[in-house]
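Okay, here's the structure, questions in a sec.
Quantities reported herein were computed from a predicted structural model and do not represent experimental measurements. The first residue in the sequence is number 1, and the count goes up from there.
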Amino acid sequence: MARWALPQLRDTSKPLGEAVEMFVNGLYTIGLNTRTVKAYRSALNSFASSAGWEKPAREVSVDDYMEWLSKMKKAGKDFSETTLHYYSIFVRRFLKWIGVDGDIPAVPGSRKGFSEALSWADIERLMENSRDLLDLLIVSLLAETGLRASELLSLRVSDIDFAEGRVRVTGKYGKQRIVFLGPISRLVLYEYTARTGKRPGDNIVDISYQALYKRLKRLALKAGIPQEKVRPHILRHTFATEALRRGMNMSALQKLLGHNDIKVTQLYLHLTMDDVKREYEKTFNPYQQQWTPWTPITHAYNPQYNTPYPQPQYNPQYQPWINPNTRRGKR
């Protein structure tokens, strides 16, 4: 179920096309982000093209919906299973809004779990191969905080408490939460805002989602990691998986990720084959570790560790907009 609601359409004599525009405009007014609204528009335009743009909203039925679904499934090569799943949810919510009664089934989504998470060694390789400070900032922030891409791109300097290492995040449906900076992201963020002269109202990462996506793909290529394994949301999966492996409790992780339902967070409680192998060897073959040890990667969380990527010196009193000289990176 959606965690938002629009007042139901009163004048059901309106053409379907006009009702679609009213619904989409309503999504903007309640604060859904632009990418989500665009996805709704795409799904509803597809449905309206099938059912008829001029058809009165009151005459739209479940049969129209089922006929549209049938057409979409026949054009399966043009739509992924995931796309069809979300399109059906979007159209179903629209139909409920215009007052269509009856059973409106959604297309089941594929359950792939979160096995696509990277290893922390992969995260380190991405950081070590950063081409500039922005690359390093993007990877470290996503991997050490679990932010969604949209949350990262909407962050402003005023959302950052440099002294406490805290970030105020505005997530889905305008819900706010607090996340914490890791040692690398904290230092890099400090250095980046100083060098670029960012002021309180400025976006920290001032690029589009497409540019962010392409940066990560190019970085993956440079780091020797398959490009299909590296996407913005995969870094969020990696943060959650790594947090559980390091012993974070489920309630704390739920708050950091901004999940309303802890059942969503629990989906990260999967064991990879590497985890199973390690547990087996610890239990049944302890001497194996003498010659094929598994060493947990912890130095990414130690600012003193000598790594090849930049390690700026952190000043807890720093606020980038106070002294114009510090905005240019001058000390």
Side-chain angles (χ1 to χ4, degrees), residues 1-112 148-151 153-154 170-176 208-210 212-213 231-233 258-261 263-264 267:
M1 288 293 292
R3 293 183 290 276
W4 46 263
L6 291 174
Q8 195 155 2
L9 179 66
R10 292 182 179 179
D11 185 2
T12 56
S13 65
K14 290 183 178 297
L16 183 58
E18 189 175 338
V20 166
E21 284 302 312
M22 291 176 63
F23 184 79
V24 170
N25 290 335
L27 297 181
Y28 280 115
T29 64
I30 60 176
L32 264 65
N33 67 59
T34 302
R35 290 179 61 236
T36 300
V37 177
K38 284 182 177 178
Y40 267 93
R41 182 184 290 278
S42 179
L44 297 179
N45 284 349
S46 172
F47 173 72
S49 295
S50 172
W53 291 94
E54 299 301 323
K55 188 172 188 173
R58 68 162 64 100
E59 295 181 12
V60 176
S61 66
V62 177
D63 289 340
D64 293 313
Y65 172 77
M66 298 306 294
E67 183 178 348
W68 167 74
L69 270 188
S70 177
K71 291 178 181 177
M72 291 286 285
K73 289 178 179 178
K74 287 178 181 177
K77 65 179 185 299
D78 299 323
F79 296 94
S80 69
E81 185 179 350
T82 301
T83 298
L84 189 54
H85 167 65
Y86 282 107
Y87 271 29
S88 66
I89 291 175
F90 298 159
V91 173
R92 184 171 65 171
R93 287 173 182 165
F94 169 74
L95 294 178
K96 293 292 185 182
W97 178 73
I98 64 175
V100 175
D101 293 323
D103 183 24
I104 309 175
V107 174
S110 58
R111 292 185 172 271
K112 296 181 180 179
R148 300 177 178 93
S150 59
E151 295 168 346
L153 297 178
S154 65
T170 302
K172 288 184 175 181
Y173 315 110
K175 182 181 176 183
Q176 291 195 341
S208 67
Y209 176 82
Q210 289 75 17
L212 171 67
Y213 187 89
R231 303 191 303 276
H233 211 68
H259 290 158
N260 284 342
D261 189 344
K263 290 180 180 178
V264 179
L267 293 175

Report the distance from atom OH of Y86 to atom OG1 of T36, rounding to the nearest 0.5 Å.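 Going from the OH atom of Y86 to the OG1 atom of T36 covers 10.0 Å.
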Does L69 form a side chain to side chain contact (heavy atoms under 4.5 Å, CB included) with F47? I'd like the steps, not just the answer. CA-CA 9 Å; L69 270 188; F47 173 72; over 6 Å; no
Residues, nucleotides or ligands: over 12 heavy atoms within 6.0 Å of E54 CD: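 Incorrect, the count does not exceed 12.
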Any side-chain heavy atom of P232 sitting closer than 4.5 Å to one from Y213? yes
Side chain to side chain contact (heavy atoms under 4.5 Å, CB included) for K73 and V107? Distances and angles first, verdict last. CA-CA 10 Å; K73 289 178 179 178; V107 174; 4.2 Å; yes
When rounded to the nearest 0.5 angstrom, what distance separates CZ in F23 from OH in Y40?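 Here the rounded value is 5.5 Å.
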Side chains of F94 and L16: closer than 4.5 Å at any heavy-atom pair? yes
Using 4.0 Å as the upper bound for N to carboxylate O, is an ion pair formed by K14 and E18?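 Yes, E18 and K14 are salt-bridged.
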Q8 to K96 - nearest heavy-atom pair and separation: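 Minimum heavy-atom separation between Q8 and K96: NE2-O, 3.1 Å.
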With rounding to the nearest 0.5 Å, note down the distance linking CD1 in I89 to CG in L84. 10.0 Å
Would you say the side chain of S42 lies within less than 4.5 Å of the side chain of F90, judging by non-hydrogen atoms?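 Answer no - side chains too far apart.
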Separation between CG (D101) and CG (L95), nearest 0.5 Å, reads 11.0 Å
Would you compute the distance between atom CG of L212 and atom CZ of R231 and round it to the nearest 0.5 angstrom?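 So the gap between those two atoms works out to 12.5 Å.
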Looking at E67, is its backbone amide N or carbonyl O close enough to the side chain of S70 to form a donor-acceptor pair, meaning the two atoms are under 3.5 Å apart? no
Considering non-hydrogen atoms only, spot the tightest contact between S46 and M72 and give its length. OG-SD, 3.5 Å
Looking only at heavy atoms, the pair that brings K71 and S50 closest together is NZ-OG, 3.3 Å
Which residues satisfy the ring pair (Phe, Tyr, Trp, His ring centres under 6.0 Å) test with Y65, sequence neighbours excluded?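 Scan of Y65 (ring pair (Phe, Tyr, Trp, His ring centres under 6.0 Å), adjacent residues dropped) gives W68.
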Point-to-point distance, once rounded to the nearest 0.5 Å, from CG of L9 to CZ of R58: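 Interatomic distance, L9 CG to R58 CZ, rounded to 0.5 Å: 10.0 Å.
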Exercise: identify the closest heavy-atom pair between A39 and Y87: O-CE1, 4.2 Å
Minimum heavy-atom separation for A51 to D64, with atom names?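 Closest heavy-atom pair between A51 and D64: CB-CB, 4.3 Å.
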Using the side-chain contact (heavy atoms from CB on, under 4.5 Å) criterion, which residues pair with V62? Sequence neighbours excluded. M66, V100, I104
